[in-house]
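Please read the structure below before turning to the comments.
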Amino acid sequence: MLQPRSPLFDFSATRRARRRARLLAGDRFLDQAATEGLADRLAAVTRKFAAGLWIGAPANEGEPTKDPVPPDIAPFAREWVCADFDENEILAAGENRFDVAVSCFSLQAINDLPGALVQIRRALKPDGLLLAALLGGGTLSELREAFAHAESVTRGGASPRVSPFADVRDLGGLLQRGGFALPVSDVERLLVRYGDFFALARDLRAHGLTNVLSERSRSFLRRDTLAALLAQYAARHGDPDGKLRARFEILYLTGWSPHHSQQKPLTPGSAKARLADALGVSETVISGSKTSS
């Protein structure tokens, strides 16, 4: 009999990390950058939204709470409702209620991302818009590599230390699996330089980006492993001035709840003009197939 797979992310650890981050007075530059990116994309939409869903506020056991959303986002809908996924990854937001839904990193530690997208799509009215920001695959690649090396040389094997992040090329397919039309995914890259490794660690705690993997090690980091980690990071990802590089990728998802008024792709063979004519080249038939020259 197949055993059920354990979840990738630990819900309780995720909540603790986010709660701790709210208490720290750190510079949450990733949140600010992503919020500005979401606002820029909302500003490019000519439609005015009435009912907005902000995904990420702590949800009560019953109906979603009406909490304030970031000031960069608030003007884009007349009224906002805030909700989050619970420990069973259920979004208590109702169905067919919202014209726009926005998520800023709240989908980051979701185990069933396609299922979460399905729930968001159901919460939207037809032709409703989803905009979401997540961290992308290149995020913290330097830390991932340094940890793997340090644990391999000091412990004989590596444990999961850095969460996996989605690749921008996969997200369009995930949107389609979630039932969204006109899916678009794009990426913004940030390179941050730190005076030392511990400044990076402080920033990660301030963002709630500590290790929340279910299979993470519960033991303290050994001194020899930490020393090997610091040495590897400096050797591979340090600049001549002693600063350490850390890369972050912010991925943006855009999708629309299906509606009959949306553009549809043309059916094969329905074109009314030849490609060769548009390119200004001649067309030759070879073995039953056409080529342009």
Side-chain angles (χ1 to χ4, degrees), residues 18 31-86 88-110 112-135 166 168 171-188 250-265:
R18 291 176 178 174
D31 293 351
Q32 183 60 37
T35 300
E36 291 175 358
L38 292 167
D40 289 343
R41 287 158 177 77
L42 283 168
V45 180
T46 56
R47 181 183 310 176
K48 301 295 182 183
F49 298 110
L53 172 63
W54 174 260
I55 304 168
N60 289 338
E61 293 184 1
E63 287 297 307
T65 58
K66 291 188 176 182
D67 291 333
V69 301
D72 288 344
I73 303 297
F76 291 101
R78 189 167 62 241
E79 182 180 6
W80 289 91
V81 170
C82 300
D84 200 0
F85 290 90
D86 64 17
N88 297 312
E89 299 195 349
I90 302 299
L91 181 66
E95 295 191 8
N96 198 33
R97 291 183 57 188
F98 302 100
D99 303 296
V100 61
V102 182
S103 164
C104 185
F105 299 139
S106 59
L107 300 176
Q108 197 65 52
I110 292 290
D112 181 13
L113 185 54
L117 293 173
V118 167
Q119 294 183 67
I120 297 171
R121 193 251 307 156
R122 289 174 178 168
L124 289 169
K125 298 176 183 178
D127 208 27
L129 171 65
L130 164 66
L131 266 174
L134 298 92
L135 291 174
V168 65
L171 291 179
L174 286 178
L175 283 169
Q176 288 181 317
R177 285 179 60 187
F180 283 93
L182 309 175
V184 176
S185 58
D186 62 293
V187 58
E188 292 181 354
I250 302 178
L251 308 184
Y252 295 94
L253 299 183
T254 306
W256 295 84
S257 182
H259 188 261
H260 63 82
S261 66
Q262 293 167 351
Q263 291 180 327
K264 302 293 191 301

Considering all heavy atoms, the nearest [X]-[Y] contact:
X	Y	answer
L175	V184	CD1-O, 3.9 Å
V100	A77	CG1-CB, 4.4 Å
H259	P126	CD2-CB, 3.6 Å
I250	A33	CD1-CB, 3.9 Å
Q176	P183	CG-CG, 3.7 Å
P258	A181	CA-CB, 4.4 Å

With a 4.5 Å cut-off on side-chain heavy atoms, are [Y] and [X] touching?
X	Y	value
E36	D72	yes
L251	D186	no
L53	R97	no
I120	F85	yes
R177	L117	no
L113	L107	yes

Backbone N/O of [Y] and side chain of [X]: donor-acceptor pair under 3.5 Å:
X	Y	answer
S185	L171	no
R121	F180	no
Q119	L91	yes
D86	N88	yes
D99	A51	yes

TODO: Test side chain to side chain contact (heavy atoms under 4.5 Å, CB included) on R122 and N96 and set out the steps.
DONE: CA-CA 6 Å; R122 289 174 178 168; N96 198 33; over 6 Å; no
Within this structure, what is the [atom1]-[atom2] distance for the pair [X] and [Y], rounded to the nearest 0.5 Å?
X	Y	atom1	atom2	result
L253	S103	CG	OG	8.5 Å
F98	K125	CZ	NZ	9.0 Å
C104	Q32	SG	CD	9.0 Å
T35	F105	OG1	CZ	8.0 Å

Open item on the list: Check R41 with E188, please: is the shortest side-chain N to carboxylate O separation under 4.0 Å?
Closed with: yes
- [ ] Flag the pair D127 and R47 as a salt bridge only when some basic side-chain nitrogen lies within less than 4.0 angstrom of an acidic carboxylate oxygen.
- [x] yes
TODO: In sequence, state the C-alpha distance, the side-chain angles, and the governing distance for L130 and T254, and then conclude on side chain to side chain contact (heavy atoms under 4.5 Å, CB included).
DONE: CA-CA 6 Å; L130 164 66; T254 306; over 6 Å; no
Open item on the list: If we check side-chain contact (heavy atoms from CB on, under 4.5 Å) with V102, which of these qualifies: I55, L42, L129, V69?
Closed with: L42
- [ ] Look at the aromatic rings of W80 and W54 and report parallel, tilted or perpendicular, splitting at 30° and 60°.
- [x] perpendicular
